[in-house]
Amino acid sequence: MKTFILFGPPGAGKGTHAGAITQKYNLRHISTGELLRAEIAAGTKLGIEAKKLMDAGSLVPDSVVEGMIESAYDTVKGVEGFLLDGFPRTIRQAQDLDAILQKRGAKVDGVISLMISDDTIRKRISGRALAEGRADDADPEVIENRIRTYHSQTEPLIGYYKAQGKYHEIDLNEGSIEVNRAKVLSLVAGLG
Ligand code: AMP
């Protein structure tokens with residue numbers, strides 16, 4: 001089982017490009033954000049707790065998202081591997097992921113980083129607010145908190161994966177979705 005991580009700040013296009021990668025390489029897309037939004041829509045206890053943090057642009061506890069990841073690894077069959085999107089988001093989650101994978105005889109095979117500037121984050125998120133109707137996309141203060149959270153808690157993962165030779169970055173500030181999709185697919189093709 002292969003594990004690839006789709007990394008990048010909010011609004012970089014992880015959700016937009018995930019489908020092309022998973023189809024081409026028969027991977028299961030696991031977006032912790034989407035799984036959490038499904039819990040909210042279903043009105044579960046976990047969803048109700050997570051909603052407060054998500055609406056503020058803060059992270060939910062590591063144990064919550066890690067439970068979701070472990071359960072996917074233990075239940076999903078018939079794929080070549082996983083494309084993790086929005087996870088890990090902290091060094092702690094990355095270390096825990098290493099342990100989760102090691103227990104199952106797997107490892108992180110590569111990190112595909114979609115990089116955009118803070119200004120592009122602001123533009124992209126406010127652009128999709130109407131289309132997707134996400135509460136955390138609509139409020140400029142929440143967007144700023146997500147940008148801060150990204151820089152303080154998630155960006156350190158770049159060094160973590162660079163040190164392991166697994167980090168591959170592409171600049172997606174410019175370009176149409178089609179052009180950027182081709183860039184993403186050609187990067188992934190080189191990962192083997
Ligand atoms: P996303 O759809 O990836 O932008 O995630 C939306 C929100 O879900 C984030 O702002 C967090 O509140 C929460 N979330 C998603 N993934 C994680 C994670 N790996 N760790 C903690 N919180 C997360």
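Just follow the structure's listing: the first ligand is 1, and inside any ligand the first atom is 1.
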A.B. asks: Looking at Asp74 and Arg104, is there a salt bridge between them, counting it only when a charged N and a carboxylate O are closer than 4.0 Å?
C.D. replies: yes

A.B. asks: Could you go through ligand 1 and list every pair where one of its N or O atoms sits under 3.5 Å from a protein N or O, giving the atom names and the distance to one decimal?
C.D. replies:
residue, atom, partner, partner atom, Å
ligand 1, 2 (O), Arg37, NH1, 2.9
ligand 1, 2 (O), Arg37, NH2, 3.1
ligand 1, 3 (O), Arg89, NH1, 3.0
ligand 1, 3 (O), Arg89, NH2, 3.2
ligand 1, 4 (O), Arg89, NH2, 3.3
ligand 1, 4 (O), Arg134, NH2, 3.2
ligand 1, 5 (O), Arg89, NH2, 3.4
ligand 1, 12 (O), Ser58, O, 2.6
ligand 1, 16 (N), Thr32, OG1, 2.8
ligand 1, 16 (N), Gly86, O, 3.3
ligand 1, 16 (N), Arg89, NH1, 3.1
ligand 1, 19 (N), Gly86, O, 2.9
ligand 1, 19 (N), Gln93, OE1, 3.0
ligand 1, 20 (N), Gln93, NE2, 2.9
ligand 1, 22 (N), Val60, N, 3.1

A.B. asks: Please indicate whether Ile91 has more than 12 foreign heavy atoms, meaning atoms of other residues, nucleotides or ligands, lying under 6.0 Å from its CD1.
C.D. replies: yes

A.B. asks: Heavy atoms only: give me the nearest Tyr160-Ala94 pair and the separation to one decimal.
C.D. replies: CE2-CB, 3.6 Å

A.B. asks: Can you list everything that forms a ring-ring contact (aromatic ring centres under 6.0 Å, His included) with Tyr73? Sequence neighbours excluded, please.
C.D. replies: Phe82

A.B. asks: What pairs of residues pass the salt bridge (charged side-chain N to carboxylate O under 4.0 Å, His left out) test when at least one of them lies in residues 93-103, not counting sequence neighbours?
C.D. replies: Glu70-Lys103, Arg92-Asp96

A.B. asks: Asp55: which residues meet the salt bridge (charged side-chain N to carboxylate O under 4.0 Å, His left out) condition with it, sequence neighbours left out?
C.D. replies: Lys51

